[in-house]
Amino acid sequence: MTDLPTSPLPALLVGLPILMATLSLFFRTRGKALVGLVGCLLTAGLSFIAFAEVTRRGTLIHILGGWDPPLGILLRMDPLAAVFIGMTAAVGAFISLYAWWYFRAQESTGGAFPLFWPLWLFLWAGLNGLFLSNDLFNLFVTIEVIGISAVALAVLSGKVAALFAGLRYLLAAIAGSMAYLFGVALLYGSTGTLDIGLLGQALEPGPATTFALLVITLGLMIKTASFPFHFWLPPAHSSALAPVSALLSALVVKGTFYILLRLWTEVFGVSLTFAAGQLIGLAGAAAVIWGSWQAFMQTNLKLVVAHSSVAQLGYLLMIFPLLVLAPGVTAGSADWLSSAWTAGVYQVMAHAFAKSSFFLSAGIIIMALGHDRIESLRDLATRMPMTVMAMGLAGVSLIGLPPSGGFMAKWMLLKGIFLSGQWWWAPAVLAGSMLAAGYVFRILRLAFAPAAEKQTWRPVPVALQLVALLLALASFLIVFPADYLVQFLESSKIFGSGVETIVEGGGDGNY
Amino acid sequence: METTSILPLLILGSSFIPGILILTLREDQSALRSFLNLFGAVAKVSLVAWVFAGTMRGEEYAFLFRLAPELSFSLRVDQLGLFFASLSSVLWLVTTLYAIGYLEGGKNRRRFFAFFSFCVTAATGIALSGNVITFFIFYEFLTLSTYPLVVHSGTDHAVNAGRTYLWYTIGGGTVLFLGVVGLHVLAGPIYFGQTEMIASLVSEHPTQLTILFFLMLAGLGVKAAIFPLHGWLPISMVAPAPVSALLHAVAVVKAGAFGIIRLVYDVYGIDAAGQMNLLTPLAILAAFTILYGSVQALFQDDFKKRLAFSTVSQLSYIGLGAAIVGVLSTTGAIVHLVHQGIMKITMFFAAGNVAETYGYKKISELNGIGRRMPLTMGAFTIAVFGMIGLPPIAGFISKWYLGLGAVEAGSHWVVLVLLGSSALNAAYFLPILYRAWFCEPDHEAVPRRRTGRLETQVLLLIPVVITGLLSLAAGVFAAMAGSPLSIAREIAERLYLL
Amino acid sequence: MSVLIDIVLAILAVYLALQSLMAPRLSQSVFLFFAFGLALALTWIRLGAVDVGIAEAAIAAGFLGVLLIDALRDFSPAVSEKQEGADGTSADRSTKDTKSRLLPSLALGLGLGLFLLIAVEAIWHTPKGGGLTALSEAMLAESGVEHPVTAVLLNYRGYDTWLEIGVILMGLLAIFVAGGVEVYRKPRVLVRDPLLRQVILFFTPVLFLFGAFLLYYGKSGPGGAFQAAVLWGATGILLHLGGWPVFAVIPRWLRQLLLTLGLGFFLLLGFAFMAGGAALFEYPPAQAGVLILIVEALAALSIATALAAIFAYFNQMKDEPNEIESTT
Amino acid sequence: MEPYQIYGLASAVLFVIGIAGLFAARHFLKKIIATNIMGGGVFLCFVSFAQRDALAFADPVPHAMVITGIVVAVSSAAFALALTRRINQLTGEESFPNDK
C-alpha cells in the first residue's frame with residue numbers, strides 16, 4: 001500500500017472546490033457566480049492535471065493526517081478513479097459554462113440563483129472525495145455531502161413540484177445511506193477495519209458478510225435509482241433547473257454506482273454468489289425495459305429524458321451478473337471481465353455526456369418556449385438546428401448506435417454477455433435499444449414538422465446551444481481513445497487481480 | 001499487411017466534409033452550397049477513379065484505426081467494394097445535379113444537402129469497409145442520415161413514413177448488431193475476405209453459425225427489402241424524388257444487397273455457407289420476393305409506388321444470384337447491383353420530372369405524356385425495356401447471367417422464376433409506356449415550372465438523359481473491357497478462387 | 001441484574017420509537033421522538049460511549065427536537081394517522097384505502113420480518129473483528145490529545161470531521177434554498193416577560209462559558225467541539241428568542257466569516273502543513289494539541305453559528321414571505 | 001446474553017421500525033422521524049460492537065463515527081424539515097398528495 005507514490009493532488013481535488021465554495025459565500029449574486037465559475041474551472045484543470053499524473057506515475061495515494069489505515073483514511077487515485085474524476089471534470093466544466101450563461105440570461109427575471117455555485121462546488125468536492133476514498137465510513141460522509149447538495153440543487157427553483165420531488169429524493173437518499181451505513185457497521189464489527197483494501201483481505205464469508213452485502217447493495221441501489229427504487233428520480237430530475245438536471249443525471253447517480261462496483265469487486269469478491277449477480281442483473285434488465293417504456297409514454301421532454309436515465313442506469317446494473325460466472329461455467333474467453341468492465345465505464349461516460357447534453361438542450365427549449373411539451377417542438381429543426389443536432393447526437397448515443405460511446409458500451413456489454421455464457425441478458429439490451437430509438441425519435445420527428453400554430457420563440461444565447469452540442473459530440477469522441485483507455489484501466493489493480501477472487505466466488509456457487 | 005493510405009479516408013471525406021460545411025452555411029447561401037456539393041461529388045468521382053486505376057495496377061489501399069482491443073475501424077479497397085463505391089459516387093454526382101434543380105427555391109435545403117452528403121458518405125463507407133464492424137458502423141450511419149431526408153417535407157404523411165422507416169431499419173440494425181457481436185465473440189474480428197476463420201469453425205459450432213447467419217441476413221434483409229421485411233420501402237415514397245432515387249438506386253437498398261453479398265462470399269465464404277445449407281432458404285426467399293413484388297406492383301396506380309414495388313422485386317435478383325453457387329450467377333448478382341441502380345434511378349428521375357413539371361403522380365394521369373416530355377419518357381422507356389430484360393439493355397445482361405448460372409448449378413426452377421418475373425415486369429410497365437406514347441392527352445396542361453424551350457428544367461433533364469444512356473451503354477458495351485459486366489465477372493472469379 | 005438494565009433500556013428505546021410513529025397526535029409523536037433520543041442517550045452512556053451520549057442528547061434529541069417542536073406550529077395538531085390522507089376527502093376514502101393497502105402492507109410486513117431475522121442472525125454471528133481499540137490507544141501519545149474519541153475525531157479521522165463541518169454548512173445553505181430566500185427577521189416568538197429576558201441575559205454567558213469548558217475538557221475526557229457547539233448555539237437561540245436577533249444585527253461579512261471559519265481554517269491549516277511536505281491534516285505531534293484546540297474552537301464557533309442560524313431561519317418560516325427586515 | 005446481543009437485536013428492530021415507518025407513515029414529520037429512527041438503529045449497532053470489542057476502554061473509532069453520523073443525520077433531517085415546512089407554506093399539504 002505504502003509503496004505507491006504519494007501525491008498532494010488527491011487531497012487538493014477535495015480541498016480546492018470546498019475552499020472556493022467557502023470563498024464564494026462572501027460575495028453577492030454576480031460575485032458568487034464569478035468565484036464559483038473560477039472555482040469550477042480551477043477544479044476541472046486540477047482534475048486534468050491529476051489525470052495526467054496518474055497516466056504518468058500510476059496509482060497515486062495520499063495518507064490523510066499521516067495515519068496509515070486502518071486507523072487513518074487513505075485517498076487512492078487509481079486509473080478507475082482517474083477516469084471518473086476526469087469525466088466529472090469534463091462534464092462539470094461544460095455544465096459550469098452553461099450555468100454561467102444560463103443564469104446570466106435570466107438574471108433580470110430573478111433567475112440568477114447564486115447559491116447554485118457553492119452547492120455545486122460542494123457537490124463536486126463530494127464526488128471527487130467519493131472517487132478517491134478508500135474508507136467505507138468516509139464514503140458514507142461523501143455520499144451525504146453529495147446527497148444534501150444534490151437535493152438542495154434539485155429544489156433550487158423553489159417550485160412546488162421541485163420541492164415535493166426534492167423531499168422524496170432526500171428521504172430516499174437518507175434511507176439509502178442509512179442502509180449502507182448498517183452494512184458498514186457489520187463489516188467493521190467483523191474485521192475491525194474500514195479500509196477497502198484491508199477489508200478485501202480480511203473479510204470471510206458468513207452471515208454478517210452476506211447481510212452487509214445485502215444492505216449495502218440495497219442502500220446504494222436506492223441512491224443509484226435502480227429499479228425498483230427508481231421512483232424518486234424522474235420527478236426530481238425533471239423538475240430541477242436545466243444545469244442541475246444535467247448534473248444530477250450525469251454525475252450524481254454515478255457516484256453510488258462507483259462505490260457499488262468497487263465494493264463488489266474489491267471487498268465482497270469471495271462472498272459473491274451467482275444468484276446475487278443474477279438478481280441485481282434482473283433489476284437492471286427490468287429497469288432498462290420499464291424505464292424505456294415509461295420514457296416512451298411521457299408527453300414532456302424533461303420527463304422523457306429523466307425516465308430514460310432510469311433505463312440507462314439499468315445497463316450499469318447489468319454488468320454485475322457478468323462479474324460472477326455460474327457454477328461450473330468457464331468463460332468463452334479470458335477477456336470477458338475486461339469487456340464487462342469496459343462496458344460499465346463506457347456506459348457511465350456515454351450516459352454522462354449524452355444525458356447532460358439532452359438536459360441542457362431541454363433547458364434551451366424551455367428558455368425559448370417557456371415549456372417543454374413534446375407536441376410543441378414542431379419546427380424546432382428550423383428554429384434551432386444546433387439544439388436539434390445536439391439532441392440527435394445525444395439520442396444516438398443513448399440508443400447505442402455506432403460510432404457513439406453508447407455503442408461502445410453496448411458492444412462491450414453484449415460481448416461480455418456472450419463470453420460469460422449468460423446470453424439471456426441479450427434480449428433486454430436489444431429491446432432497450434429499440435425502445436430508446438422509439439423515445440428519441442418521438443422527440444426528433446416533430447422537430448422536422450412545420451409549425452402548426454404561431455409560437456413565440458424567445459432568443460437563447462448561442463453559447464448555451466454550443467455547450468449542449470459540444471457535450472453531445474463528446475459522447476462520440478470518447479470512442480476514439482478507447483484502446484488507450486482500456487489499457488489504462490487494465491493497469492489498475494481492480495481490473496486485473498480482482499478477477500481470480502471473483503472466479504473462485506462464482507465457482508463455489510454455495511448459495 | 002497492406003500499406004496504410006489515407007485515400008479511402010479522403011473518399012469518405014469528399015462527401016462528409018462538404019456536408020459539415022453546408023451545415024454551417026446560412027440557408028440563403030445557395031450558390032456556395034451548390035458549389036460545395038458539386039465539388040465534393042466531382043472530387044469523389046475523381047478519387048474513386050484514381051483508386052480504381054491504382055487497384056488495376058495491383059496497388060492496395062487500406063486504413064486501420066484501433067478503437068479497442070479486437071475492435072478496429074478498417075477501410076480497405078477491394079474490387080467488390082470499389083465496384084459499389086463507383087456506382088454510388090457516379091450516381092451521387094448525377095443525383096446532386098438533379099436535386100439542385102429539383103429543390104430550387106424549396107425550404108430547408110441546407111439540411112437536405114448536408115444529410116444528402118452524409119448519406120453518400122455512409123454508402124461509400126459501406127463499400128470500403130474492411131471488416132464487419134466498420135460495415136456495421138456505416139450501415140447504421142446510413143439509417144440515421146437518411147431519416148431527415150425521408151421526413152424532409154415535414155408533412156404528417158412524411159413524418160409517419162419516417163417512423164415506419166425507422167422502426168424497420170433500427171430493428172434490422174439491432175438484429176444485425178446481435179449477429180455481429182455474436183460472430184465477433186465466436187470467431188474474433190472478421191475482416192472481409194478472410195473466410196478461413198469461419199470455415200475452421202463450421203464443424204465445431206454449426207448451430208451458432210447458422211443462427212448468426214440468419215440474424216445478420218435478417219438485419220441486412222431489411223434494407224435489401226426482402227419479403228417480409230420490405231414494408232418500409234413503398235411507404236417511404238413520400239420523400240422527394242432525389243431521395244427516392246437515393247433510397248432505391250444509390251444507397252439504402254444497395255447497402256442491404258451489397259451486405260448480403262459480403263456476408264455470403266466474404267464473411268462465411270461460399271464453401272462454408274454451402275456446407276451448412278444456408279443458401280437454399282435465401283434463394284427461395286429471394287425468388288418469392290421477386291414474384292411477390294412484381295404482383296404487388298401490378299395493382300399500384302401511384303407512379304412512384306409501382307416503381308417501389310418494382311424495386312422490391314428487382315433487388316432480390318441480387319440475393320437470388322448470391323444464393324446460387326457458380327461464377328455466372330454471382331456475376332449476374334454483382335452486375336445487377338449496378339444495372340438495377342442506373343435503370344431504377346432513371347425511372348425515378350423520370351417520375352420526378354413528370355410530377356414536378358405537370359404535377360402528375362398517378363399512372364392514370366400519364367396519357368400522352370411522351371409527346372410533351374419525349375426525352376424524359378425516352379430514357380424511361382429504355383429503363384423499362386431493360387427491366388423487362390430485353391436485349392441489348394443492361395437488365396438483359398443481368399438476367400442472362402443469372403439464368404445461365406442457375407442452369408449451370410442445376411436449379412432450373414430459377415429460370416422459371418426469371419421468366420415469370422419478366423412477364424410480370426412487362427405486365428406492369430408496358431401499360432405506362434402505352435399511355436405515355438399512344439394515348440391522347442386528356443386535357444391541356446401547362447408546365448408548373450419555368451422550363452424555357454426544353455420540356456422541363458435543364459437540371460432535371462440532364463441527369464435522366466445521362467442515366468438512360470448509361471443503361472443502354474452498360475448493355476451494349478457489356479462485352480468490352482472495363483464494362484460493369486467484365487469487372488463483375490472478374491470479381492466473381494476471384495471470389496471463387498479464394 | 002445488569003443484563004436486566006440492558007434489556008429494559010433496549011425495550012424502552014424500541015417502544016418509544018414505535019410509539020412516536022404510531023401516536024395519533026403529531027405533537028405526541030414529536031415528544032415521544034424526543035424521549036426516544038434521550039433513551040438512546042442513556043443507552044450510549046450504558047455502553048460506555050459518553051461522548052456519543054452527550055452528542056445524542058444535545059444534537060439528535062435536543063436540537064432536532066427543538067426544530068420539530070417549532071415545526072409543529074405549521075401543521076394541524078389534531079390530525080390522526082387515519083384521517084391524514086392528504087385533504088378533507090379522506091373520510092370516505094379510508095374504507096377503500098384499507099382494502100387497497102392491505103396486500104402491500106402484508107407484503108411489506110412479511111418482507112421486513114424476514115429482513116429482521118436475517119439482520120439479527122447476522123449481528124449475532126458477526127465475528128469478533130477486534131476493532132481499533134488497541135491501535136488507537138497505542139497512537140494516542142502522538143495524537144496530541146488524551147481522549148481517544150477526540151483523537152479519532154480530530155486527528156486520525158480529521159478528514160471525516162472536516163467534511164462533516166462542511167455538511168453542516170451545506171445543510172444551512174440547503175435550508176436557505178428550501179426556504180426560498182436568505183433573510184433574517186425579528187423573531188416571531190418573543191419573550192415578552194422582562195424578568196425572563198433578564199434571566200436569558202444572565203444565562204447567556206454561563207452557557208457560553210460552560211461550552212468553552214466542554215471544549216477544553218474534550219482534550220482529556222468526554223466533550224469537544226460538537227458538544228460545545230450545541231451549548232454555544234443554544235446561547236444564540238436564547239438570545240434570538242429573547243428579542244436580540246443576532247443575525248439581523250451583525251454585518252453580513254461577519255456572519256459569513258463566523259459560519260465559514262471552522263471549515264476554512266481547518267482546511268487552510270491543512271494546506272499550510274501540506275506546503276511544508278506533510279499530508280493533509282497532518283500535524284507535528286509537538287504542536288498537535290494546541291492546533292487541535294484552535295481548530296476545535298473555531299469549528300465549534302462555526303457550528304454554533306450554523307445551528308443558531310438554522311433555528312432563527314426556521315423560527316421565521318411561517319411568516320409572510322414579503323416582509324423583509326434584514327436582507328442579505 | 002451479552003449486552004451487544006441485546007442491543008444488536010434492538011438495533012435491527014429499530015432499523016426495521018424506521019423502514020416500516022418510512023413506508024407506512026404519511027405525514028412528512030413522521031417520515032422524517034422514521035429516517036432518524038433508522039439512523040438510531042444503525043448507530044446502536046456501531047456502539048454495541050464498540051462495547052463488545054472494548055479493552056481498557058470501548059473502541060473509540062465507532063464512537064467518533066457515530067458522532068459524525070449523528071451530526072450528518074441531523075443536518076439531513078433539518079433540511080428535510082425545511083422542505084416540508086416550505087411545502088406546507090406553499091400548498092398546505094402535510095403528506096405526499098399521491099400517497100394512497
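All chains are named by letter (A, B, ...) in the order of the sequence lines, taking the proteins before the strands, and each is independently numbered beginning at 1.
Partners of D/Thr84 by side-chain hydrogen bond (donor to acceptor under 3.5 Å, both in side chains), not counting sequence neighbours: none found. Taking the side-chain hydrogen bond (donor to acceptor under 3.5 Å, both in side chains) definition, one finds that C/Ser136 meets it with nothing, sequence neighbours left out.
Residue contact with chain C, scored on non-hydrogen atoms closer than 4.5 Å, involves the backbone and the side chain of D/Leu44 alike. Of the atoms belonging to C/Tyr156, not a single heavy atom falls under 4.5 Å from chain D. In this structure, chain D has a heavy atom under 4.5 Å from the side chain of C/Gln227, while its backbone stays farther away. Looking at C/Thr126, the atoms closer than 4.5 Å to chain D (heavy atoms on both sides) sit in the backbone and in the side chain alike. At a 4.5 Å heavy-atom cutoff, the contact between C/Leu108 and chain D is made by side-chain atoms alone. Contacts of C/Ala134 with chain D are made by both backbone and side-chain atoms, with heavy-atom separations under 4.5 Å. Only the side chain of D/Phe49 comes within contact range of chain C, judged by heavy atoms closer than 4.5 Å. With a 4.5 angstrom heavy-atom cutoff, D/Val61 touches chain C via backbone and side-chain atoms both. When heavy atoms are compared at a cutoff of 4.5 Å, C/Leu40 approaches chain D solely by way of its side chain, counted from C-beta outward.
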For residues 4-22 of chain D, run the donor-acceptor check on the side chains, cut-off 3.5 Å, and write out each pair with its distance to 0.1 Å, sequence neighbours left out.
unit_1, atom_1, unit_2, atom_2, d
D/Gln5, OE1, D/Glu2, N, 3.3
D/Tyr7, OH, C/Asp6, OD1, 2.7
D/Ser11, OG, D/Gly8, O, 2.7

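For the side-chain contact (heavy atoms from CB on, under 4.5 Å) with C/Phe31, the qualifying choice from C/Leu68, C/Leu16, C/Ile69 is C/Ile69, the only one to do so.
Taking the six-membered ring for Trp and the full ring otherwise, C/Phe36 and C/Tyr15 have centroids separated by 6.0 Å or more.
Note: D/Gln51 CD to D/Phe46 CZ = 16.0 Å, rounded to the nearest 0.5 Å.
Chain D forms the most heavy-atom pairs under 4.5 Å with one residue out of C/Leu67, C/Thr150, C/Leu307, C/Val152, and that residue is C/Val152.
Chain D is approached within less than 4.5 Å, heavy atom to heavy atom, by C/Thr43, C/Trp44, C/Arg46, C/Leu47, C/Gly48, C/Ala49, C/Asp51, C/Val52 from residues 42-52 of chain C, ordered by number.
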